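Atoms within a ligand are numbered from 1 in the order they appear, just like the ligands themselves. A quick note: this is a predicted structure, and the numbers were derived from the prediction, not measured. In this chain, numbering begins with 1 at the start of the sequence shown.
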Amino acid sequence: MVARTIPVESFDLVIFGGTGDLARRKILPSLFRRMRAGQMPADARVIACARGKMSRKEFQDLIRDSLEEFIPAPEDRPAELVDAFMDALEFVTLDAKGETGWAELGKKLRADRVRAFYLSVGPSLFGTIAQKLHDHELATPESRIVVEKPLGHDLASAKELNRQLTANFDEHQIYRIDHYLGKETVQNLMALRFANALFEPLWNAQHVDHVQITVAESIGVEGRGEYYDKSGAMRDMVQNHIMQLLCLTAMEPPAKFDPDAVRDEKLKVIRALDPVKPQDTVRGQYRANGEGSYLDHVGNPDSTTESYVALKVAVHNWRWAGTPFYLRTGKKLRTRMSEIAVVFKEVPHSIFPEVSARKSNALIIRLQPDEGITLRMTIKDPGPGGMRLREAPLDMTFADALGDNPEAEADAYERLVMDVIRGNQTLFMRGDEVEAAWAWTDKIIADWEDDHEPPQPYDPGGSGPEDALALMHRDGRRWREVDG
Ligand code: NAP
């Protein structure tokens, strides 16, 4: 199948924090891949800013090394394309908090291009940079500004952040990245639901027994200990990524596939979430298994921050009344995997009573590893041995349909950065969505703080604390295996 890549308009992309980890690991390699795919125009420019003094050549060398590190196969980095990419890179020494560099940045920006400012720096600089862009008259009415989590620590700080951004940029200019929304399969979830007649009639409490959303990580806090310990799984994962997956699964069909129509429907889901009862929440913290515990990794022996959370959530609306959504995420689990499982009800009457252990249908939307969609079906066991039933997956990973289309492999950041340039906000969070998610999350965290119960220890390499299993068992259900 031939990939259809439509080049975007020419652009100047300014990356504040252009020498940092996110820029080197994700943003710049993604842009390189978009150049390789023919989507980044030859005269587009990327202007990196940071305080460190560096010549343009030194910055280009830094990014050449980053491409080698993060796009390891030499055949994916043809020398002439790497050189062309280097030509697109500029560097400005700039202090977001001071006056250094702003005038130089202004001189590099061209008037007739899409202009985007990617704030790949700590959130304490977001407001300052937005203000400086305004003061130095670098932001035009159509410029985009891109920010990424953490978008606040609670509702109050998220509101303050939104206030700082909207003081200088209109909401239509603000792109809040949640990279989960850039994943191919997450968008396929919308296509599956809203472009096919098959699933939507079944997508409700009458037919869906429950939904499970899992984001499991096998790594621990890995050098992010100080940040993570102030945040925890609830703020780091549930408030943003898992909430977005929940919204896309539960939302009503929007009237059209347009940014505000989609985001209005997602917001309605967040507002329909019941407050979660403390007994419907489980907090865990991984203990030592020779490699050190969570407490060792964050260097805080008294920490009560959770590295695991499981929740039973109710979406209080007509479509979902009575269908629980079980959410879980944790570090140091058996494997890295993220999926949404929509588990359907059993048939109302079985004509095969002898096979009572049969499993109900489930639609599994897997985000990682191996993005794809599978429908769990029950079929007849082949052969003449009588009417025996067995479970079989109907694989809808689309691999056959899409052939070896390299576009299907595109990283979430590739899609999202191109959407910023195209001016399409559909896959970005709106300010009111972020605030509504915090309002819901804050209540759960406040209950935990009132409760003073420490998180339950769990063994690294497993599937989480005992109480999380019990959360499902008491409803007569069980979690799907955490496996790769
Ligand atoms: P990082 O590696 O510490 O990089 C920070 C960058 O900002 C550096 O280029 C730094 O260069 C620059 N910087 C710091 N203070 C500055 C100032 N006053 N003026 C101008 N530049 C300044 O951080 P990171 O991991 O890339 O993360 C950046 C942001 O993205 C953070 O908010 C983080 O939470 C978020 N994020 C990161 C990831 C990730 O995978 N890394 C994922 C999601 C979200 P100088 O020191 O030379 O100024």
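- In this structure, the protein non-hydrogen atom closest to atom 39 (C) of ligand 1 is Arg25 NH2, 3.4 Å.
- Closest to atom 29 (C) of ligand 1, if we only count protein heavy atoms, is Val121 O, 3.4 Å.
- Scanning all protein heavy atoms for the shortest distance to atom 34 (O) of ligand 1 gives Pro150 CD, 3.4 Å.
- Counting heavy atoms of neighbouring residues, nucleotides and ligands inside a 6.0 Å radius, atom CD of Glu222 exceeds 12 of them.
- Between Tyr286 and His297, the distance separating the two ring centers is shorter than 6.0 angstrom.
- In summary, of the residues considered (Ile129, Leu109, Leu133), a side-chain contact (heavy atoms from CB on, under 4.5 Å) with Val14 occurs for Leu109 alone.
- Close approach of ligand 1 to Leu125 is summarised as follows: ligand atoms under 4.0 Å from at least one heavy atom of the residue are 15 (N), 16 (C), 17 (C), 18 (N).
- Here the side chains of Gln285 and Leu295 are in contact, with some heavy-atom distance below 4.5 Å.
- The nearest protein atom to atom 25 (O) of ligand 1, hydrogens excluded, is given as Asp21 CB, 3.5 Å; this is a heavy-atom distance.
- Nearest protein neighbour of atom 38 (C) of ligand 1, counting heavy atoms only, is Leu22 CD1, 3.7 Å.
- In this structure, a donor-acceptor pair under 3.5 Å is present between the side chains of Asn162 and Arg176.
- Within 4.0 Å of atom 47 (O) of ligand 1, at least one protein heavy atom is present.
- Which parts of ligand 1 touch Thr19 is read off a 4.0 Å heavy-atom cut-off, strictly below it: atoms 8 (C), 9 (O), 11 (O).
- Here the protein heavy atom with the shortest distance to atom 6 (C) of ligand 1 is Gly17 CA, 3.4 Å.
- Protein heavy atom in closest approach to atom 17 (C) of ligand 1: Arg51 CD, 3.5 Å.
- Using the six-membered ring where Trp is involved, Tyr294 and Tyr228 have ring planes that are perpendicular, over 60° apart on the 30 and 60° scheme.
- Near Leu94, with a cut-off below 4.0 Å to any heavy atom, the atoms of ligand 1 are 19 (N), 20 (C).
- No hydrogens or angles considered: nothing links the side chains of Trp479 and Thr214 as a donor-acceptor pair under 3.5 Å.
- Around CD of Glu252, the count of heavy atoms belonging to other residues, nucleotides or ligands within 6.0 Å exceeds 12.
- Protein heavy atom nearest atom 36 (N) of ligand 1, with residue, atom name and distance: Lys149 O, 3.9 Å.
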